[in-house]
Amino acid sequence: MHFKSNSRPGRSAVFLPEQPGRITAKIMDSLELQLLLDIGALLNETPNLKGNLCRVLARLSDSMEMSRGTVTILNPERTRIRIEAAYGLAPEAVMRGRYNMGEGITGSVIKTGRSMIVPKISAEPLFLNRTAARKLPAARRDCSFICVPIKESGKVIGSLSVDRVFDRKYDLQHAESFLSIIAAMLARNVLNLEEISAEQERLRKSNRALRKKIARKYSMRKIIGQSEPMRAVFEMLYRVSRSNATVLIRGESGTGKELIARTIHYDSERSHSPLVIVNCAALPGSLMESELFGHERGAFTGAAAFRTGKFERAAGGTVFLDEIGCLDLDSQAKLLRVLQEKEFERVGGTETIKPDVRVVAATNKDLEKAVAARQFREDLYYRLNVFPIVLPPLRERREDIIPLAEHLLAKHFPGRKFSVSEGAVKMLLNYHWPGNVRELENSMERAGLVCENSEIAAIHLPAAVRNEKHTAGGKSLEKMLNDLNRQRILEALARTSGNVLKAAGLLGIKAHKLYFRIKKFQIDFYSFRRQLQ
């Protein structure tokens, strides 16, 4: 579009009075009316609000011979302005387009609510060129710049601005009036985008807070265990969590394999991305492929809609394959391909998908026997067994039983304080715990429910725990308590490099009592000091 110029070339930036809609249909030509109709259609073309704005700017470029155009949005909470849609700007230039309220011409227009014209940007000191687009060799010719506010219900919510090569014959006043009408048409679209952006920011903040909370919950520091077998597990977790290595967690049912998998994920660099859990024992083999890799609509009977699989949903994060030993051979072959080639196709699809995911697997089965019996693929076994972590059963970490019991009571009954009687301690330490930590948790929850006071007694424990046939190798209560006390003293001395006073502080006892127990258990605390020399 070309307009006759009524402005003097070389004039500095001018604020225009607030007179929206100065152009009427009587003085619009047919091209202007057609442009408005086209813009109205473009704004309703698709649900993609940002895409609609970009198409509007492209249409303006065709009609007004503009070289660049932007729509900016004001964040009302932070009084910050950002470029939401652009034409003629590279993505990195759009990222640089950030302004404070009142900063530069864009910030001034949004702050005052009044349009602004810069006949020649080279002569305007207020012009920031924040995007740096006009420093490029192709943009060395001087430009005119028009910026108009976008308002909704009298409130400024953004701006529309255009560049065009300087032409002293071009009617900038008329162009500004016409752009003001277009800005009014864009207002609802821009407001919806700001509302969506605000909701997305709220969700991001909520997700970050939730992830931090979950990460704290599943930190290694939250896992209860001071026994030698658990310290070995912590050492392996420390080594593997920050890597991308495939991990195979092994252990009896109830030893906490899922807890360890969560800890690996939330202590890794992938903690900001999803952890997706798949129970391989919960689905039949016929549905496992669709569950893992997704399917296209109509891929099989019942596939009424497109569906993404677990590996796609875990993009950038971790897939935890629980009970991996329950996978059928057909699903094992497909999983092997993902681990080897790092790619797959959805069921019924042809598109090759290359997921960026880490695999952590777990099983309570003897995979070596399963491989020998040809029930588990040998090549998949070696792919999974890159970094095995074996969780000890509870009967092999008896030093942890009482601290775990106290922790579980506090977890299930946060408003109550319990102590465990000597008789209950004896039974807890004597029992063989076939269900491991899960069984201990159930026992403590039951004990807390039936206990009417603050002391867990033997009578409050389940019948299986009270059954004296299940003993810990015939050890007496006194022997087990002595072993437990000796182990805790050794750990305290190790942590304090043999400093008895500090070790006593860690144990919560007086130093002279600790000296007495060191002598009783024949512990050489000087050896911990010699280790540092």
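Just so it is clear, the model here is predicted, and its values are computed rather than measured.
Remark: Arg239 CZ is loosely packed, at most 12 non-hydrogen atoms of other residues, nucleotides or ligands lying under 6.0 Å away. At most 12 non-hydrogen atoms from other residues, nucleotides or ligands lie less than 6.0 angstrom from OH of Tyr382. Summarising the local packing, CD of Gln522 is surrounded by 12 or fewer heavy atoms from other residues, nucleotides or ligands at distances under 6.0 Å. The 12-atom threshold is exceeded at CZ of Arg231, counting heavy atoms of other residues, nucleotides or ligands nearer than 6.0 Å. Other residues, nucleotides and ligands place more than 12 heavy atoms under 6.0 Å from the CZ atom of Phe521. Atom CD1 of Ile459 has 12 or fewer neighbouring heavy atoms from other residues, nucleotides or ligands inside a 6.0 Å radius.
For the residue pair Arg358 and Ser243, the shortest heavy atom distance occurs at NH1-O, 2.9 Å. Heavy-atom minimum distance, Asp400 versus Ser227: OD2-OG, 2.6 Å. Taking every heavy atom of both residues into account, Arg270 and Asn244 meet most closely at NE-OD1, 2.9 Å. Annotation for Gly254 and Asn436: closest pair O-CB, 3.4 Å, computed over non-hydrogen atoms. In terms of heavy-atom proximity, Arg307 sits nearest to Arg346 at O-CD, 4.2 Å. Taking every heavy atom of both residues into account, Trp433 and Ile401 meet most closely at NE1-CD1, 3.7 Å.
Ring geometry, Phe344 versus Phe293: the interplanar angle falls from 30° to 60°, so the pair is classed tilted.
Atom CZ of residue Arg80 and atom CZ of residue Arg98 lie 7.5 Å apart, to the nearest 0.5 angstrom. In this structure, CD1 in Ile509 is found 4.5 Å from CG in Leu514, a value given to the nearest 0.5 Å. In this structure, the separation between OH on Tyr431 and CZ on Arg395 is 11.0 Å, given to the nearest 0.5 Å. Here Phe311 contributes atom CZ and Leu321 contributes atom CG; the two are 5.5 Å apart, rounded to the nearest 0.5 Å. Between the OH atom in Tyr99 and the CD1 atom in Ile110 there is a gap of 9.5 Å [rounded to 0.5 Å]. How far CD1 of Ile249 is from CG of Asp322: 8.5 Å, rounded to the nearest 0.5 Å.
For Arg466 (side chain) and Leu461 (main-chain N/O), a donor-acceptor pair under 3.5 Å exists by modelled atom type. Within the 3.5 Å criterion, the main-chain N or O of Asp267 finds no donor-acceptor partner in the side chain of Ser271. When atom types are taken as modelled, the side chain of Gln332 and the backbone of Leu327 share a donor-acceptor pair closer than 3.5 angstrom. No donor-acceptor pair under 3.5 Å is formed between the side chain of Thr72 and the backbone N or O of Arg82. In this structure, Lys257 contributes its side chain and Glu252 its backbone to a donor-acceptor pair below 3.5 Å.
Side-chain contact between Val360 and Ile260 is absent, with no heavy-atom pair separated by less than 4.5 Å. Two residues are said to be in side-chain contact when any heavy atoms from C-beta on lie closer than 4.5 Å; Lys365 and Gln375 fail this criterion. Within the 4.5 Å cutoff, the side chain of Leu440 has heavy atoms near those of the Leu428 side chain. Within the 4.5 Å cutoff, the side chain of Lys417 has no heavy atoms near those of the Glu406 side chain. Two residues are said to be in side-chain contact when any heavy atoms from C-beta on lie closer than 4.5 Å; Val247 and Ile264 meet this criterion. Side-chain contact between Arg383 and Leu248 is absent, with no heavy-atom pair separated by less than 4.5 Å. Put simply, the side chain of Leu404 reaches to within 4.5 Å of the side chain of Leu394, judged on heavy atoms. Looking at Arg262 and Leu275, their side chains come closer than 4.5 Å, going by heavy atoms from C-beta outward.
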May I have the step-by-step check of side chain to side chain donor-acceptor pair (under 3.5 Å) for Arg250 and Asn364, ending in yes or no?
-> CA-CA 6 Å; Arg250 308 184 66 172; Asn364 59 6; over 6 Å; no
List the steps and the verdict of side chain to side chain contact (heavy atoms under 4.5 Å, CB included) for Asn189 and Val71.
-> CA-CA 11 Å; Asn189 197 296; Val71 173; over 6 Å; no
How far apart are the C-alpha atoms of Arg337 and Glu345, what are their side-chain angles, what is the distance that settles it, and do they pass the side chain to side chain contact (heavy atoms under 4.5 Å, CB included) test?
-> CA-CA 11 Å; Arg337 184 198 169 195; Glu345 291 89 32; 2.9 Å; yes
Would Thr263 and Ile223 count as a side chain to side chain contact (heavy atoms under 4.5 Å, CB included) if you check the C-alpha gap in whole Å, the side-chain angles of each, and the deciding distance to 0.1 Å?
-> CA-CA 9 Å; Thr263 300; Ile223 301 177; 3.7 Å; yes
Stepwise side chain to side chain contact (heavy atoms under 4.5 Å, CB included) check, Phe376 with Asp366 | CA-CA 10 Å; Phe376 199 86; Asp366 188 332; over 6 Å; no
When the side chains of residues 445-454 are checked against the rest of the protein, which donor-acceptor pairs come out under 3.5 Å, sequence neighbours left out?
{"from": "Arg446", "atom 1": "NH1", "to": "His460", "atom 2": "O", "distance (Å)": "2.7"}
{"from": "Asn453", "atom 1": "OD1", "to": "Glu455", "atom 2": "N", "distance (Å)": "2.9"}

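Residues forming a salt bridge (charged side-chain N to carboxylate O under 4.0 Å, His left out) with Arg517 (at least two apart in sequence, or on another chain): none.
A side-chain contact (heavy atoms from CB on, under 4.5 Å) with Ile489 is found for one member of Val500, Leu506, Leu507 and no other, namely Leu507.
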